[in-house]
Amino acid sequence: MLAPSQACRLTRFNVRLWGPLHGARHPPPRLHCEHGDARPTVWPGLEPWRQSGVNELRGWGRKGPQSVPITPGTPALECRWRCLADAAVAVLQTPDPAQKAALTHAAWHAVSNGSLPVGGEPAAAPPPFPARPPRPQLVAPKQVPTAKASRLPLPAYMLHSLAHVELNAVDLAWDTVARFAAAPLPRAFFLDFARVADDESRHLLWCLQRLGELGHAYGDMPAHSVLWEGAQASAGGEGPGCGATPGGPSGGAGGRPQRRHRATHRAGRDRARRRGRGVVQGRVRRAGSRPRPCLPRHDMHAVPRRTARPL
């Protein structure tokens with residue numbers, strides 16, 4: 001963690017770079033961090049992100065993101081939405097991922113053009129768990145197959161994991177809008193989460209499109225719901241609900257292999273140090289590998305170099 005003085009210098013450095021990176025259209029935000037002050041600082045890109053329009057690049061082409069036509073009939077549900085919280089509940093009650101993304105974009109379109117009010121409580125309570133398609137099967141994190149154990153090729157495995165992450169991100173953003181609709185929070189709070197949901201729905205469509213191009217679909221491998229366990233555990237307040245998000249990929253093993261790898265590495269390192277062997281020039285040699293010769297600096301030229309053999 002940075003010291004307060006280091007954080008202040010880093011924030012001032014970011015503000016100095018604001019002009020060359022963003023131009024004069026968006027002035028840099030005022031600093032809220034002084035030396036010795038523990039108050040949070042303002043992300044320099046927050047206001048430009050808020051001022052950006054509706055992103056219509058919801059398809060993926062050969063040169064990257066591209067615009068696609070909106071699915072006919074999807075915006076017709078706006079007539080039944082009294083406020084943004086109603087749209088949030090409607091998305092949470094929709095099981096199909098592509099339809100979730102379409103409803104999300106329609107809701108953000110309506111909010112952006114002013115036809116959908118932001119304030120107000122939803123007509124129906126948000127579900128305790130968002131609607132999901134029959135597949136993928138939701139299992140415990142330890143039961144999610146690894147990339148080697150999965151029957152999917154590695155690109156499809158990674159895309160499936162990303163699609164599950166984006167789907168959970170869409171639902172978590174809308175759950176925040178619906179759950180805290182009656183809380184005394186500023187209007188920008190709900191607008192930010194609605195924009196986040198629209199961004200994540202765009203990423204979800206990219207993953208679903210590429211999965212289909214590879215001959216696979218969302219649901220071809222099991223997944224877990226660790227993110228929603230954290231959301232249910234933090235349902236009592238705004239602060240914990242926005243900050244308690246478990247680490248690790250939602251479609252993978254939740255960070256378990258990384259922790260196991262670090263623990264194994266530390267155990268092997270300590271065991272090698274206790275035995276007094278295996279450490280060569282400050283490095284722990286791997287099991288089954290030959291230790292390199294530890295020579296003084298003036299004798300390094302004595303090590304013969306391997307020459308190329310003629311064909």
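The minimum heavy-atom distance linking P141 with V226 is given by the pair CG-CG2, 3.3 Å. Here the shortest heavy-atom pairing between L92 and P126 reads CD1-CB, 4.1 Å. Here the closest non-hydrogen pair linking A124 and V89 is O-CG2, 3.5 Å. Of all heavy-atom pairs between A181 and G120, the closest is CB-O, 3.6 Å. Across all non-hydrogen atoms, the minimal contact from V170 to S201 is CG2-N, 3.5 Å.
In the hydrophobic cluster analysis, where Ile, Leu, Val, Met, Phe, Trp and Tyr join through side-chain heavy atoms closer than 4.5 angstrom, W206 is grouped apart from L152. Linking Ile, Leu, Val, Met, Phe, Trp and Tyr whenever their side-chain heavy atoms come within less than 4.5 Å puts L116 and F189 in one cluster. No continuous path of hydrophobic side-chain contacts links L159 to Y218 [ILVMFWY only; heavy atoms under 4.5 Å]. Neither L214 nor L167 shares a network with the other; the hydrophobic side chains, linked directly or stepwise wherever heavy atoms of I, L, V, M, F, W or Y lie under 4.5 Å apart, form separate groups for each.
One N or O on the side chain of S52 and one on the backbone of W49 form a donor-acceptor pair closer than 3.5 Å. A donor-acceptor pair under 3.5 Å is absent between the side-chain atoms of R82 and the main chain of P117, judged by distance alone. For the pair T94 (side chain) and Q99 (backbone), a donor-acceptor distance under 3.5 Å is absent.
In this structure the side chain of M158 reaches within 4.5 angstrom of the side chain of L154, judged on heavy atoms. Taking 4.5 Å as the limit, every side-chain heavy atom of S115 sits out of range of all side-chain heavy atoms of H109. At a threshold of 4.5 Å between non-hydrogen side-chain atoms, the residues C83 and P122 do not count as touching. Taking the side chain as every heavy atom from C-beta outward, L191 and R50 never approach each other to under 4.5 Å. Residues P97 and L208 meet the side-chain proximity criterion, which asks for heavy atoms closer than 4.5 Å. Here the side chains of L162 and H160 are not in contact, with every heavy-atom distance at 4.5 Å or above. For the pair T176/F190, no side-chain contact is recorded, criterion being any heavy-atom separation below 4.5 Å from C-beta on.
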Legend entry - Check against salt bridge (Lys or Arg N to Asp or Glu O under 4.0 Å), D86 and R80: CA-CA 8 Å; D86 284 342; R80 293 185 289 177; over 6 Å; no
Legend entry - R195/S112 under side-chain hydrogen bond (donor to acceptor under 3.5 Å, both in side chains): CA gap, chis, key distance, verdict: CA-CA 10 Å; R195 185 185 289 273; S112 300; 5.8 Å; no
Legend entry - Derivation and outcome, side-chain contact (heavy atoms from CB on, under 4.5 Å), residues S225 and F129: CA-CA 10 Å; S225 57; F129 192 87; 4.1 Å; yes
Inset, instruction - Mind running side-chain contact (heavy atoms from CB on, under 4.5 Å) on W81 and L103 for me, showing each step along the way? - result: CA-CA 11 Å; W81 295 341; L103 292 176; 4.2 Å; yes
Inset, instruction - Would you please test E200 and L204 for side-chain contact (heavy atoms from CB on, under 4.5 Å) and show each step? - result: CA-CA 6 Å; E200 304 302 342; L204 172 62; over 6 Å; no
Inset, instruction - Start with the C-alpha gap between W174 and V196, add the side-chain angles, then the distance that decides, and say whether side-chain contact (heavy atoms from CB on, under 4.5 Å) holds. - result: CA-CA 9 Å; W174 285 124; V196 167; over 6 Å; no
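From L227, atom CG reaches atom CG of D175 across 12.0 Å, with rounding to the nearest 0.5 Å. Annotation: the span from L57 atom CG to R202 atom CZ amounts to 7.0 Å, rounded to 0.5 Å. Taking CE of M221 as the start and OG of S161 as the end, the distance is 5.0 Å to the nearest 0.5 Å. Atom CZ of R58 is separated from atom NE2 of H203 by 9.5 Å, given to the nearest 0.5 angstrom. Put simply, CZ on F193 and CG on L185 are 9.5 Å apart, with the number rounded to the nearest 0.5 Å.
Within a 6.0 Å sphere centred on CZ of R187, other residues, nucleotides and ligands contribute 12 heavy atoms or fewer.
Between H105 and W108, the gap from one ring centroid to the other reaches at least 6.0 Å.
Legend: salt bridge (charged side-chain N to carboxylate O under 4.0 Å, His left out) pairs involving residues 91-120, not counting sequence neighbours, sorted by first then second residue: K100-D171.
Figure legend: cation-pi geometry between R210 and W60 absent, as NZ or CZ is not positioned both under 6.0 Å from the six-membered ring centre and within 45° of its axis.
Looking only at atom types and distance, the side chain of N168 has a donor-acceptor partner in the side chain of H164 under 3.5 Å away. Between the side chains of H224 and Q143, no donor-acceptor pair of N or O atoms lies under 3.5 Å.
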